[in-house]
Trainee: 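Sharing a structure below in structure tokens format, with a few things to ask.
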Protein chains: 2
Amino acid sequence: MNVQFKKGILELCVLVLLDKKDCYGYELVQRISSKIEISDGSIYPLLRRLTKADYFTTYFQESKEGPARKYYALTEKGKKHLHQQMQEWKEFSKAVNELIEEGIDDE
Amino acid sequence: MNVQFKKGILELCVLVLLDKKDCYGYELVQRISSKIEISDGSIYPLLRRLTKADYFTTYFQESKEGPARKYYALTEKGKKHLHQQMQEWKEFSKAVNELIEEGIDDE
DNA sequence: ATATGGTACTGTTCATTACAAGGTACCTAT
DNA sequence: ATAGGTACCTTGTAATGAACAGTACCATAT
């Protein structure tokens, strides 16, 4: 899939999933990559960046299936950011679709 | 608007508009920027890149309102590329919207 | 003639971000 | 102990749009 389309979207995807419930990094990779092809090397730097921006807090939790998992939890600031990003995505995809229709139909 | 979202999309926008009719660069800037904020400095390098990839042919035409305009015309190769890009955009935006809904609703 | 403003196009430099590839380490089962 | 899957992290690279600056053309007003 077109790499460039993904720019900036990964952030939105992570925020959206964490809004539902806390997740660990590997889990996010699996859930997102079921819809959009991504590699874990893309997620971890992103998580670090957004944690640094105070959008997440993190905590470790034991696991029976492997090493301890680092969970990410959305902060209030993160939620605000999510809503903003979501809004921008909606406006953006609407604008693109309008341009596509314009290209097909009218002058 | 989110700068990163635009990555890769500009190409699709240009292709879509040129599929309808030949346009000159400045015209493309105006039509696209009516929906999505872009600068002319983003379009011209793109046009050059896609021309080099044989997606367009170009020709000059006189204008009464200024210097001669360079029109861009989609080639067959360009049309194929457009359809492919369009398909990818649809799949991509669908996938993102599904993830968003997943984040809001179910497990 | 010359100055101004709008039109058209061309670079150059920079920041952002996804990816590939590699590495570390843990846990369970054999 | 060894293997395989799970989980996390780091580094370097490539792609691409933005910002900024610059060239040049044309019509009109001064």
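Lettering follows sequence order; numbering is per chain, from 1.
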Trainee: Heavy atoms from C-beta onward define the side chain here; which of D:dT6, C:dA18, C:dT7 lies closest to that of B:Pro67?
Mentor: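 So the side chain of B:Pro67 is nearest to C:dT7.
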Trainee: If you look at every heavy atom in B:Gly25 and B:Tyr72, which pair is closest and at what distance?
Mentor: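 Scanning both residues completely, I find the closest heavy atoms to be N-CE1, 4.0 Å.
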Trainee: Of all the choices, D:dC9, D:dC25, C:dA25, which nucleotide is nearest to the side chain of A:Tyr44 once you look at every atom?
Mentor: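 Within the option list, the nearest is D:dC9.
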Trainee: Considering just the side-chain nitrogens and oxygens of A:Arg49, establish if one lies under 4.0 Å of OP1 or OP2 belonging to C:dT17.
Mentor: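 Checking C:dT17 against A:Arg49, a side-chain N or O does come within under 4.0 Å of OP1 or OP2.
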Trainee: Quick one: is C:dA18 close enough that its OP1 or OP2 comes under 4.0 Å of any side-chain N or O from B:Lys7?
Mentor: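 B:Lys7 to C:dA18 OP1/OP2: no side-chain N or O under 4.0 Å.
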Trainee: Starting from C1' on D:dA3, measure out to CD on A:Glu65 and report it in whole angstrom.
Mentor: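 To the nearest whole Å, that distance equals 18 Å.
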Trainee: Let me know the distance between CG of A:Leu46 and C1' of C:dA18, rounded to the nearest Å.
Mentor: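 Distance, rounded to whole Å: 10 Å.
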Trainee: Distance check: side-chain N/O of A:Tyr26 vs OP1/OP2 of D:dC8, anything under 4.0 Å?
Mentor: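 It does not, given that no N or O in the side chain of A:Tyr26 lies less than 4.0 Å from OP1 or OP2 of D:dC8.
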Trainee: Can you tell me if A:Lys70 touches the phosphate of D:dC9, counting only side-chain N or O atoms and a distance under 4.0 Å to OP1 or OP2?
Mentor: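 For A:Lys70, the contact criterion (side-chain N or O under 4.0 Å from OP1 or OP2 of D:dC9) is met.
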Trainee: Roughly how far, to the nearest 0.5 Å, is the CD1 atom of A:Ile36 from the CG atom of A:Asn2?
Mentor: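 Between atom CG of A:Asn2 and atom CD1 of A:Ile36 there are 12.0 Å.
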Trainee: Where the side chain of A:Tyr72 is defined as all heavy atoms beyond and including C-beta, which of D:dC9, D:dA7, C:dC9 is the nearest nucleotide?
Mentor: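 Nucleotide nearest to A:Tyr72's side chain: D:dC9.
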Trainee: Using a cut-off of 4.0 Å on non-hydrogen atoms, how would the nucleic acid contact of B:Gly41 be classed: base, sugar-phosphate, or nothing?
Mentor: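 The answer is base, as B:Gly41 lies within the cut-off (heavy atoms under 4.0 Å) of a base atom.
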